[in-house]
J.: 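Next up is a structure, given as structure tokens.
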Amino acid sequence: MMELFIILKDIILPIFVIMALGFVMQTKFDLNIQTLARLNIFFLVPGFIFVKLYSTKISFNLFGNILLFFILYVVILYVISHFIGKAIGLEKGEKTTFSNSTMFFNSGNYGVPVNDLVFKSDPLAMSIQVIMLTLQNIFLFSYGIFSLQSIKVGKLKAALGYFRMPVLYAMLSGVLLNVYNVPIPSFIWVPANYIADAMIALALFTLGAQVAKIKFSTGLTTVYYSLALRLAVGPLIALAIIYIFKVDGIVAQALLIGSAMPTSVNSAVIAEEYNNHPDLAAQIVLFSTLFSAITVTLVIYLARFLF
């Protein structure tokens, strides 16, 4: 019970304070949500990814192992969500949003604080979380955007469109400058950090503004299926992969806990930007974050018990 209280107070409550501000501001001023979404995708997220990739020292061996885990994890989730989407009769756009909601999880503004709280700033555990965060962002802003764009403009145009996304070049430059130890002058590094620091707040603010416009009368069945896959089935899949590859200790704990995070805020942001069932995406993020207060606590307990 004490762990649940700590997570609610230190992780969940701050998240919902910022969302509440977005909700109130949207209700009062009728903000342009698409503009907020574009600020996230084209301005804040590239800065955040660049700073994280440049400033984190990561073992290539550890990176390779987590990459294998991540690929297996999201592929299994995609296959399950694809068949469930077909079974419950979702149309193409809804099915894409549904699959994205199960594959994209909140490794950043939720996963990083949880990791820090559970492992008391252990450098190995935090390195694992940063790698998960990096892979999630690469995946979200490549396949995630491609899957939404291809519905309306076709696969070739969607693939070409990705090369116009600043996040791609932020990732490449962050990795290359890190690998070759290239110093960044302060007049670039200082504003880059300012931009990175603003990302979490505006993403949550945008979600709160989206929630203010949600009509909760439809689509809840799809939301329930998404919650079950993301919060319950997801950690079970991760646990199975961990046992198959005989991972143990802090690495196993960090991977299991990291896999239990709720649906990524940015999945709702890109759904808004590309106008692909944004209300459904925002509902899933909202309820996923709410229910994760219970499920994440249970997974933390399970991880400590098993490993």
Side-chain angles (χ1 to χ4, degrees), residues 37-75 78 100 103-109 111-112 115 123 126-150 153-200 202-203 206 258 261 264-267 269-274:
R38 286 173 177 168
L39 280 173
N40 276 276
I41 293 173
F42 295 99
F43 178 57
L44 297 178
V45 171
F48 181 82
I49 289 178
F50 173 77
V51 168
K52 291 299 179 185
L53 289 179
Y54 179 79
S55 59
T56 303
K57 300 303 179 185
I58 297 170
S59 158
F60 282 102
N61 184 50
L62 180 65
F63 182 86
N65 291 334
I66 297 173
L67 177 61
L68 177 60
F69 168 87
F70 180 81
I71 292 171
L72 288 172
Y73 182 63
V74 297
V75 166
Y78 173 77
N100 287 354
M103 293 187 295
F104 302 137
F105 46 97
N106 198 338
S107 294
N109 54 316
V112 169
N115 181 285
M126 186 53 70
S127 292
I128 292 167
Q129 189 60 39
V130 169
I131 294 171
M132 291 278 277
L133 169 62
T134 301
L135 294 175
Q136 264 290 297
N137 279 298
I138 291 171
F139 187 45
L140 175 65
F141 289 98
S142 56
Y143 171 78
I145 290 176
F146 171 80
S147 66
L148 295 180
Q149 280 194 307
S150 63
V153 303
K155 293 182 179 179
L156 178 60
K157 285 187 178 179
L160 293 175
Y162 180 60
F163 289 98
R164 293 194 293 269
M165 298 294 294
V167 69
L168 171 65
Y169 304 101
M171 289 186 291
L172 291 174
S173 57
V175 169
L176 291 173
L177 292 176
N178 187 336
V179 169
Y180 292 104
N181 294 313
V182 178
I184 298 177
S186 61
F187 68 86
I188 293 177
W189 186 240
V190 171
N193 276 274
Y194 286 153
I195 294 168
D197 291 342
M199 194 276 289
I200 290 173
L202 191 58
T206 301
M261 296 302 112
S264 169
V265 174
N266 284 323
S267 67
V269 170
I270 64 171
E272 178 68 41
E273 165 64 13
Y274 296 102

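The analysis underlying the following values was restricted to heavy atoms, covering all of them including side chains, and did not include hydrogens, waters or symmetry mates.
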J.: More than 12 heavy atoms of other residues, nucleotides or ligands under 6.0 Å from CZ of Phe42: yes or no?
T.: yes
J.: Relative to the ring of Phe105, is the ring of Phe70 parallel (under 30°), tilted (30 to 60°) or perpendicular (over 60°)?
T.: tilted
J.: Could you measure the distance from the CD1 atom of Ile49 to the CG atom of Leu133? Nearest 0.5 Å is fine.
T.: 7.5 Å
J.: Please evaluate residues Phe69 and Leu135 with respect to the criterion side chain to side chain contact (heavy atoms under 4.5 Å, CB included), reporting the C-alpha separation (whole Å), side-chain torsions for both, the decisive distance (0.1 Å), and the verdict.
T.: CA-CA 11 Å; Phe69 168 87; Leu135 294 175; over 6 Å; no
J.: Measure the CG-CG distance between Leu62 and Leu67 for me, rounded to the nearest 0.5 Å.
T.: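 Atom-to-atom, Leu62:CG and Leu67:CG are 11.0 Å apart.
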J.: Of all heavy-atom pairs between Val74 and Met103, which one has the smallest distance, and what is that distance?
T.: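 Distance-wise, the nearest heavy atoms are O-SD, 3.7 Å.
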J.: Can you list the residues that meet the side chain to side chain contact (heavy atoms under 4.5 Å, CB included) rule with Ile184, with sequence neighbours excluded?
T.: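 Result, side chain to side chain contact (heavy atoms under 4.5 Å, CB included) vs Ile184: Phe50, Tyr54, Leu177, Ile188, Trp189.
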J.: Supply the atom-to-atom distance Gln136 CD to Met261 CE, rounded to the nearest 0.5 angstrom.
T.: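 Those atoms lie 11.5 Å apart.
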J.: Quick one: closest heavy-atom pair of Ser186 and Pro191, and the distance?
T.: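 Nearest heavy atoms, Ser186 then Pro191: O-CD, 3.8 Å.
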J.: To the nearest 0.5 Å, what is the distance between CD1 (Ile195) and CG (Leu39)?
T.: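 If we round to the nearest 0.5 Å, Ile195:CD1 and Leu39:CG are 11.0 Å apart.
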J.: How many angstroms lie between atom CG of Leu53 and atom CG of Leu176, to the nearest 0.5 angstrom?
T.: 10.5 Å
J.: When rounded to the nearest 0.5 angstrom, what is the spacing between CE in Met126 and CG in Asn115?
T.: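 These two atoms lie 4.0 Å from each other.
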J.: State, to 0.1 Å, how close Ala170 and Ser173 come at their nearest heavy-atom pair, and which atoms those are.
T.: O-OG, 3.1 Å
